[in-house]
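Proteins come first, then strands; the chains are lettered A, B, ... in the order of their sequence lines, and each starts at number 1. For clarity, every value in this text was computed on a predicted model and none was experimentally measured.
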2 protein chains.
Amino acid sequence: MAASPSESETLLTPSEVAALFRVDPKTVTRWAKSGKLSSIRTLGGHRRYHEVEVRDLLNGIPVQGTVD
Amino acid sequence: MAASPSESETLLTPSEVAALFRVDPKTVTRWAKSGKLSSIRTLGGHRRYHEVEVRDLLNGIPVQGTVD
DNA sequence: ACATAGTAGGGTAATTAGGGTA
DNA sequence: AGTGTCCTAATTACCCTACTAT
């Protein structure tokens with residue numbers, strides 16, 4: 001049985017994603033707001049990103065249907 | 001086991017690469033478009049270059065199979 | 001409750017992409 | 001063929017203060 005993909009996923013902080021792309025953390029936030037990158041919100045409002053999605057993006061694999 | 005080369009690599013901005021080669025950033029872009037230099041893209045379309053590859057090129061070590 | 005580091009938010013300057021040209 | 005420069009539009013970086021994460 002396949003569990004929901006939303007669970008058991010390693011989450012990355014904005015600064016970690018920023019380091020992988022060599023951009024500013026604010027830029028990653030901008031990507032999330034634009035819907036270019038899906039994001040989870042902590043109860044305090046901070047964003048967390050799926051590692052698998054980020055790594056796919058780094059490898060040039062486009063991801064679809066991701067709205068913040 | 002060889003992991004994806006896109007991971008765990010320090011990336012350089014176009015201007016940083018340009019400074020290392022003492023050329024205009026536009027020239028670095030042309031190298032990437034020609035496939036002479038591999039590059040990844042930010043979600044906004046800006047290019048980032050692998051530092052190790054740039055270092056090798058600076059040392060006269062040719063790199064193969066790099067298509068923009 | 002306190003301290004440190006990271007993040008959200010808004011606003012402004014600096015880079016970059018892309019085409020065309022010298 | 002290869003590089004530098006000019007242009008506009010888009011993207012990204014840095015400034016700040018307040019709030020969250022640990």
**Student:** Regarding dG4(D), can its base be found pairing with the side chain of Arg30(B) as donor and acceptor, where the two atoms are less than 3.5 Å apart?
**Tutor:** yes
**Student:** Suppose we define a pair by two distances each less than 3.5 Å, Watson-Crick or G-U wobble; what does dC15(D) pair with here?
**Tutor:** dG10(C)
**Student:** How far apart are the C-alpha atoms of Arg30(A) and Leu43(B), what are their side-chain angles, what is the distance that settles it, and do they pass the side-chain contact (heavy atoms from CB on, under 4.5 Å) test?
**Tutor:** CA-CA 10 Å; Arg30(A) 207 174 297 111; Leu43(B) 300 191; over 6 Å; no
**Student:** Tell me: NZ of Lys36(B) to C1' of dA1(D), nearest whole Å?
**Tutor:** 8 Å
**Student:** Quick test of your reading of the model: are Glu53(B) and Lys36(B) salt-bridged, counting only N-O distances below 4.0 Å?
**Tutor:** no
**Student:** According to a strict under-4.0 Å criterion, is Trp31(A) in side-chain N/O contact with OP1 or OP2 of dT11(D)?
**Tutor:** no
**Student:** For Lys33(A) and dT7(C), what is the distance between atoms NZ and P respectively, to the nearest whole Å?
**Tutor:** 16 Å
**Student:** For residues Lys33(A) and Thr29(A), determine if any side-chain heavy atom of one lies less than 4.5 Å from a side-chain heavy atom of the other.
**Tutor:** yes
**Student:** Does Thr27(B) have a side-chain nitrogen or oxygen under 4.0 Å from the phosphate oxygens OP1 or OP2 of dG2(D)?
**Tutor:** no
**Student:** Measuring only between side-chain heavy atoms, which start at C-beta, is Pro14(A) closer than 4.5 Å to Arg48(A)?
**Tutor:** yes
**Student:** Let me spell it out: for each of Leu43(A) and Leu43(B), pick the nucleotide of DNA chain D with the closest heavy atom. Which residue's pick is nearer the 5' end?
**Tutor:** Leu43(B)
**Student:** Hey, does Val54(A) have a side-chain heavy atom less than 4.5 Å from the side chain of Phe21(A)?
**Tutor:** yes
**Student:** Does the side chain of Tyr49(B) reach to within under 4.5 Å of the side chain of Ile40(B), using non-hydrogen atoms?
**Tutor:** no
**Student:** dT20(D) C1' sits how many Å from Leu11(A) CG, rounded?
**Tutor:** 16 Å
**Student:** Can you check the Leu12(A) CG to dG6(C) P distance for me, whole Å?
**Tutor:** 15 Å
**Student:** Please write out the pairs of protein N or O atoms and N or O atoms of nucleotides 14-17 of chain C separated by less than 3.5 Å, giving the distance to one decimal.
**Tutor:**
{"unit_1": "dT16(C)", "atom_1": "OP1", "unit_2": "Ser15(B)", "atom_2": "N", "d": "2.8"}
{"unit_1": "dT16(C)", "atom_1": "OP1", "unit_2": "Ser15(B)", "atom_2": "OG", "d": "3.0"}
{"unit_1": "dA17(C)", "atom_1": "OP1", "unit_2": "Arg47(B)", "atom_2": "N", "d": "3.1"}
{"unit_1": "dA17(C)", "atom_1": "OP1", "unit_2": "Arg47(B)", "atom_2": "NH1", "d": "3.2"}
{"unit_1": "dA17(C)", "atom_1": "OP2", "unit_2": "Thr29(B)", "atom_2": "OG1", "d": "3.0"}

**Student:** With a 3.5 Å limit on both atom pairs, tell me what dT3(D) is paired to, counting Watson-Crick and G-U wobble, or say none.
**Tutor:** dA22(C)
**Student:** Taking CD1 from Ile40(B) and C1' from dT11(D), how many angstroms apart are they, rounded to a whole number?
**Tutor:** 15 Å
**Student:** Output the rounded distance in Å from CZ (Arg22(B)) to P (dG4(D)).
**Tutor:** 12 Å
**Student:** Side chains of Leu11(B) and Glu51(B), heavy atoms from C-beta outward: is any pair under 4.5 Å?
**Tutor:** no
**Student:** Provide, to the nearest angstrom, the distance between the CG atom belonging to Asp24(A) and the C1' atom belonging to dG11(C).
**Tutor:** 14 Å
